Colleague: 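Just dropping this structure here.
All values below come from the heavy atoms of this structure, side chains included, with hydrogens, waters and symmetry mates left out. In this text, all values refer to a predicted model and were calculated from it rather than measured experimentally.
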Amino acid sequence: MSEVRVRFAPSPTGYLHIGGVRTALYSWLWARRNQGTFIMRIEDTDRQRSTDESIQVVLESMRWLGLDWDEGPEVGGDHGPYVQSERLDIYAAYAEKLIESGHAYRCYATKEEIAAAREAHQKSGTKDGFRFQSPWRDRPEPPADPNARHVIRFRAPHEGVTSWVDEVKGKIEILNSTLQDSILLRPDGMPLYNFGCVVDDLTMEVTLVARGDDHMINTAPQIQLYEALGAAVPKFAHMPMVLAPNGEKLSKRHAAVGVLEYRDMGYLPDAVINYLARLGWSHGDQEIFTRQELIEKFSWDRVGTTAGRYDAKKFLHVQAEHLRMLSDEDIARGTVPFLARNDIDVAVDDPVLLKTIPYVKPRAETFIEVAEAVDYFFRNVEFDAKGKRKFLAPAYANNLRRLADVLEAVEPFAKEPLEHAVKAWLEENELSMKLVAQPARVALTGRTKSPGLFEVMEVLGKEKTLTRLRTGAEIAAAAPMHSD
RNA sequence: GGCCCCAUCGUCUAGUGGUUAGGACAUCGGCCUCUCACGCCGGUAACACGAGUUCGAAUCUCGUUGGGGUCACCA
């Protein structure tokens, strides 16, 4: 079997869209599973919209996801350059070749002429789609000034059919009569998508072109171009798109659509990859995959044919599953930056942080949540207003004080002995855990929700536990009486 | 409108002629319990419609309807 060479060819016009990530992911998985080559190519021929800043965002996004490329910007390769705007001479040479072989021609039609033709077409009331028929296609004589502003058009075959067997969609047939003479090169030498794409995939020896099925319309003209150039046609895999929950095209309005936003929300790259892989691809009933499993199991014939809708809740769930697969050390490492964001500086190997992670792990889904769930171990208690009003009330002051006294005698200050001591005390005084736990929790954590009380106490340590409990008792004693 | 693609629970999907149509997320009950989670048990919920082929169709064929894409000197 020949070498697999696949590419991801984003146009840097902003953030890296998660739909684009999925396209990149499938190609990357295919390359990795076949020990092939994954190429990154920047399609920046739309100078209006492309910026260097966006290129950096794309590269940074890919790096964060761990989708490494074997050829492309920053890593180089034998088929460069890998930025389209730096390949203009290559496109010019191929365009020239096509003109010489009679497969392309110079078209001097102005935008105004084309617009007029389009308008006339619409007014004619015909049911067919608009195809601009350039008068220059069959005009043997060059214009008075051959250097006048012109584009280079493909002399597309107008009869017959163009077909291919898509890796995910199966056999597709397009009537050539529905295709027009597409523009290859603009007057400024910039290639249009179909031409730049073909020349690049050809010269970069790409063996399989994977992209969203919104590109299916481009495939027939591209195949014609390969044929006109006498080149081998690569395989094509058109995957269905990722839609918004309501079925519309996914955009910023519907969800966090740039991948880096997920990094900032405390998601794991592996979770993003898992969710996106599983959206449109399946392997039996399995839902959770490691990166390695994805590489081993991915195949195009398991890619579905129907468009998938983005589901934030399922995504979060997959993220939570991956978070729980991490070691405590890795969770600590991932959490520290988010603690720092809130001005809590903790080392990744901080013993208190490490000790508390097993307790917060089942209650958190992202690093942000882990950070929020452990912050009171590293700073003073900040009371939740409702919790404080309800549980640090005069009625509980005495119990809080007595609880502190009971705990003071416990040795060692660990969760089992603490629990035994407290249960014994409760029993003796015919008190219920329910009555004592919530006030203590608020006093200790500032919140009404937390890991088990005795776990919190152990991690907090004797000194802080007693101080916070007694402070809580004072606040409770001083609180106004209320009824609710 | 032309062309292209698509159609199983709300969502992601399994299913390749014979299944009580399975799983996951979500949702709703319950258990566990010091709160919140986790976990566990259980429920609701789908083959778009109509013909045809066949002993037998979610699976094959055709049509209808619906959704999406695309008709650029964007990608």
Colleague: Go through B:C3, B:C12, B:C34 for me and flag the one nearest to the A:M433 side chain.
Modeller: B:C34
Colleague: Distance-only, no hydrogens or angles: does the A:R41 side chain make a donor-acceptor pair with backbone N or O of A:V83 under 3.5 Å?
Modeller: no
Colleague: Looking only at the side chain of A:K313 (C-beta and beyond, no hydrogens), which of the listed nucleotides B:A7, B:C25, B:G69 gets closest?
Modeller: B:C25
Colleague: Do the side chain of A:E287 and the base of B:G23 come within less than 3.5 angstrom through a donor-acceptor pair of N or O atoms?
Modeller: yes
Colleague: First locate atom CZ of A:R441, then atom CZ of A:R447, and finally report the distance between them rounded to the nearest 0.5 Å.
Modeller: 12.0 Å
Colleague: Please confirm whether the shortest side-chain N or O distance from A:R302 to OP1 or OP2 of B:U13 is below 4.0 Å.
Modeller: no
Colleague: Select one nucleotide: of B:G69, B:A72, B:C12, the one nearest the side-chain heavy atoms of A:M241.
Modeller: B:G69
Colleague: When the C1' atoms of B:A26 and B:G63 are compared, how many Å lie between them, rounded to an integer?
Modeller: 36 Å
Colleague: At under 4.0 Å, does any side-chain N or O of A:K249 touch on OP1 or OP2 of B:U70?
Modeller: yes
Colleague: Taking the six-membered ring for Trp and the single ring otherwise, decide whether the centroids of A:W136 and A:Y108 are under 6.0 Å apart.
Modeller: yes
Colleague: With heavy atoms under 4.0 Å as the rule, sort A:A109 into base, sugar-phosphate or nothing.
Modeller: base
Colleague: State whether A:R41 places a side-chain N or O below 4.0 Å from either non-bridging phosphate oxygen (OP1 or OP2) of B:A75.
Modeller: no
Colleague: Provide the distance between the two C1' atoms, one in B:A45 and one in B:C28, to the nearest whole Å.
Modeller: 11 Å
Colleague: Are OP1 or OP2 of B:A14 and a side-chain N or O of A:S282 less than 4.0 angstrom apart?
Modeller: yes
Colleague: Please determine, for the side chain of A:R363, which listed nucleotide (B:U35, B:A75, B:A26) has the closest atom?
Modeller: B:U35
Colleague: Rounded to the nearest 0.5 Å, how far apart are CD of A:Q84 and CG of A:D44?
Modeller: 6.5 Å
Colleague: In Watson-Crick or G-U wobble terms, both distances under 3.5 Å, what is the partner of B:U16?
Modeller: none
Colleague: Look at all strands and tell whether A:P187 reaches a base, only sugar-phosphate, or nothing, counting heavy atoms closer than 4.0 Å.
Modeller: base
Colleague: Counting the benzene-type ring for Trp, do A:F289 and A:W281 have ring centres under 6.0 Å apart?
Modeller: yes
Colleague: Do the side chain of A:R149 and the base of B:C73 come within less than 3.5 angstrom through a donor-acceptor pair of N or O atoms?
Modeller: yes
Colleague: At what distance, to the nearest 0.5 angstrom, does CZ of A:R7 lie from OG1 of A:T23?
Modeller: 10.0 Å
Colleague: Ring pair (Phe, Tyr, Trp, His ring centres under 6.0 Å) for A:W300 and A:F236? Distances and angles first, verdict last.
Modeller: CA-CA 10 Å; A:W300 291 108; A:F236 292 94; over 10 Å; no
Colleague: Please determine, for the side chain of A:K423, which listed nucleotide (B:C36, B:C5, B:C34) has the closest atom?
Modeller: B:C34
Colleague: What are the two closest non-hydrogen atoms of A:F413 and A:L407, and how far apart are they?
Modeller: CE1-O, 3.8 Å
Colleague: Across the strands shown, which category fits A:E43 at heavy-atom distances under 4.0 angstrom: base, sugar-phosphate, nothing?
Modeller: sugar-phosphate
Colleague: Kindly say whether, by distance alone, the side chain of A:N194 makes a donor-acceptor pair under 3.5 Å with the base of B:A75?
Modeller: no
Colleague: Could you give the NE2-to-P distance, from A:H158 to B:C3, as a whole number of Å?
Modeller: 17 Å
Colleague: Looking at A:R131, does any N or O in its side chain come under 4.0 Å of the phosphate oxygens OP1/OP2 on B:C3?
Modeller: no
Colleague: I'd like the C1' distance from B:A7 over to B:U11, given in whole Å.
Modeller: 15 Å
Colleague: Taking atom P in both B:G1 and B:G29, what distance in whole Å separates the two?
Modeller: 45 Å
Colleague: Expressed in whole Å, how much space separates the P atoms belonging to B:A24 and B:G50?
Modeller: 31 Å
Colleague: Please figure out whether A:M216 or A:A364 has its closest RNA chain B nucleotide nearer the 5' end.
Modeller: A:M216
Colleague: Across all strands shown, which nucleotide pairs with B:G2 by Watson-Crick or G-U wobble geometry, both distances under 3.5 Å?
Modeller: B:U70
Colleague: Across all strands, who's sitting opposite B:A58 as a Watson-Crick or G-U wobble pair, both distances under 3.5 Å?
Modeller: none
Colleague: What nucleotide among B:C12, B:C25, B:A37 has an atom nearest to a side-chain atom of A:P362?
Modeller: B:A37
Colleague: Counting only Watson-Crick pairs (N1-N3 plus N6-O4 or O6-N4) and G-U wobbles (N1-O2, O6-N3), all under 3.5 Å, who is the partner of B:A24?
Modeller: B:U11
Colleague: So which nucleotide from B:C34, B:U13, B:G10 ends up closest to the side chain of A:D311?
Modeller: B:G10
Colleague: By the 4.0 Å heavy-atom rule, please label A:K111 as base, sugar-phosphate, or nothing.
Modeller: base
Colleague: For A:P245 and for A:T306, find the nucleotide of RNA chain B with the closest heavy atom, then tell me which residue's nucleotide is more 5'.
Modeller: A:T306
Colleague: Going by purine N1 to pyrimidine N3 plus the second Watson-Crick contact, or the G-U wobble pair, all under 3.5 Å, which nucleotide sits opposite B:C40?
Modeller: B:G30
Colleague: Which of these nucleotides, B:A72, B:C34, B:G69, is closest to any side-chain atom of A:Q180?
Modeller: B:A72
Colleague: Ignoring backbone atoms, establish whether A:T178 has a side-chain N or O less than 4.0 Å from OP1 or OP2 of B:C71.
Modeller: no
Colleague: Write down the partner of B:A75 under the Watson-Crick or G-U wobble criteria, each distance required to be under 3.5 Å.
Modeller: none
Colleague: Would you indicate which nucleotide in B:C73, B:C12, B:U35 comes nearest to any side-chain atom of A:R278?
Modeller: B:C12
Colleague: Does the base of B:A24 carry an N or O that pairs as donor and acceptor with the side chain of A:K314 under 3.5 Å?
Modeller: yes
Colleague: Would you say the ring centroid of A:Y267 lies under 6.0 angstrom from that of A:F315?
Modeller: yes
Colleague: Can you tell me which nucleotide in B:C6, B:C73, B:C12 comes closest to the side chain of A:T305?
Modeller: B:C6
Colleague: Please list, by residue number, the residues of residues 436-444 of chain A whose heavy atoms come closer than 4.0 Å to an atom of RNA chain B; answer none if no residue qualifies.
Modeller: A:A437, A:Q438, A:R441
Colleague: If the threshold is 4.0 Å, N to carboxylate O, is there a salt bridge linking A:R149 and A:D188?
Modeller: no
Colleague: Name the pairing partner of B:G63, where a pair is Watson-Crick or G-U wobble with both distances under 3.5 Å, or state none.
Modeller: B:C49
Colleague: Is the base of B:G22 touched by the side chain of A:D285 through a donor-acceptor pair closer than 3.5 angstrom?
Modeller: yes
Colleague: Taking the same atom, P, in B:U44 and in B:C12, what whole-Å distance lies between them?
Modeller: 22 Å
Colleague: Report yes if at least one side-chain N or O of A:S182 is closer than 4.0 Å to OP1 or OP2 of B:A72; otherwise report no.
Modeller: no
Colleague: At what distance, to the nearest 0.5 angstrom, does CG of A:D328 lie from OH of A:Y359?
Modeller: 10.5 Å
